[in-house]
Amino acid sequence: MHDRKSLEYAPSASGPRSRAGARGGHLSRSEHPAGKAVWARQRILAVFLPVTAVLYISCEALDPRGTDQVATSMAVAYRLLPIAAAHSSQLYLAGSLSLLALGGLAVSYAAIALLVTGRGWVIATVAALLGAVGAFAGALFNVLVGVNLAAAASAHMTQTAAARFLVTSFGSVPAQVAEYVYFVSEYAAPVVMGFALWRSRAVPRWLAVLFTVGLELAESMGSYGPIVVLFMLPFAAAMILLAVWIWRAAAHPAAPLHDTVPAPSTAAPDSAATPLRTNSGS
């Protein structure tokens, strides 16, 4: 006969081992620490979009009227210096905000590119690179337009010397290279990114159009005073809506459900796969 004791105490496949495996045998990608890190980073990047919109609109609205010109000649420099001298603090603030806005715009391009993971991802990557290069060149150029102009106007030097300083700064090779790269990239990047969003269908197509048109319109604004806020509202709306899409996308991992990471288990081996030893009686 068979030994009842060995059968009575044999582990069962429906016992604690199976329950532990059902509860803690595998961790989904969103529960894994790496998934949480990606989730947190994506949401941090999403915050950059509305912040960038606020900075961009603020610097355009605060920029004194008539100071968005390039001092390519002494006549233009003579016309800019009195305006800058009368609003030097405002010009310093607007110039500083423009640098922050361009830095935020470079990060925003990278955040928007995260939405395009399927068709069109190469185009979105190219757009992000264009946007980053253009924003960097724009920051260099805006130092001349805003900060340098305010410094020249408030410095204790004659108007002729200040005008000559501005013309020399704008006429330098680095300034001209930054200007050309900035103007080419700032108008090309929104079109390329809008096309990538349109092609991928990662967001509604009307949102891709709103982003492209809104950003192109915002970048064409000059120093017209607070009225520019009305013209830049489409850009702000597009950035806020895209931030919402990026925030929501961070909560849904791109990996399929079966892509799980096995968690270490301390449970005993499953006895269902191990033959039971029996003792034959006499």
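The model shown is predicted, which means the values in this text are computed figures rather than measured ones.
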inquiry  = Is it the case that the side chain of Ser58 and the backbone of Val54 share a donor-acceptor pair, with hydrogens and angles ignored and the cut-off at 3.5 Å?
reply    = yes
State the [atom1]-[atom2] distance between [X] and [Y], to the nearest 0.5 angstrom.
X      : Y      : atom1 : atom2 : value
Leu102 : Leu55  : CG    : CG    : 10.0 Å
Glu186 : Leu105 : CD    : CG    : 9.5 Å
Lys36  : Arg41  : NZ    : CZ    : 14.0 Å
Met157 : Leu81  : CE    : CG    : 9.5 Å
Trp247 : Leu45  : CH2   : CG    : 11.5 Å

Closest non-hydrogen atom pair, [X] against [Y]:
X      : Y      : value
Ala124 : Met193 : O-CE, 3.6 Å
Ser185 : Gly134 : CB-CA, 3.4 Å
Ala137 : Val181 : CB-CG1, 3.8 Å
Ile246 : Ala111 : CD1-O, 3.5 Å
Leu49  : Ala243 : CD2-N, 3.8 Å
Ala208 : Gly194 : CB-O, 3.7 Å

key: Residue pairs involving residues 41-92 (criterion ring-ring contact (aromatic ring centres under 6.0 Å, His included); sequence neighbours excluded)   = Tyr56-Phe235
inquiry  = Listing request: all side chain to side chain donor-acceptor pair (under 3.5 Å) pairs with a residue in residues 228-244, at least two apart in sequence or in separate chains.
reply    =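 Sorted pair list comes back empty.
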All pairs passing side chain to side chain donor-acceptor pair (under 3.5 Å) where residues 102-112 contributes a residue, at least two apart = Thr52-Ser108
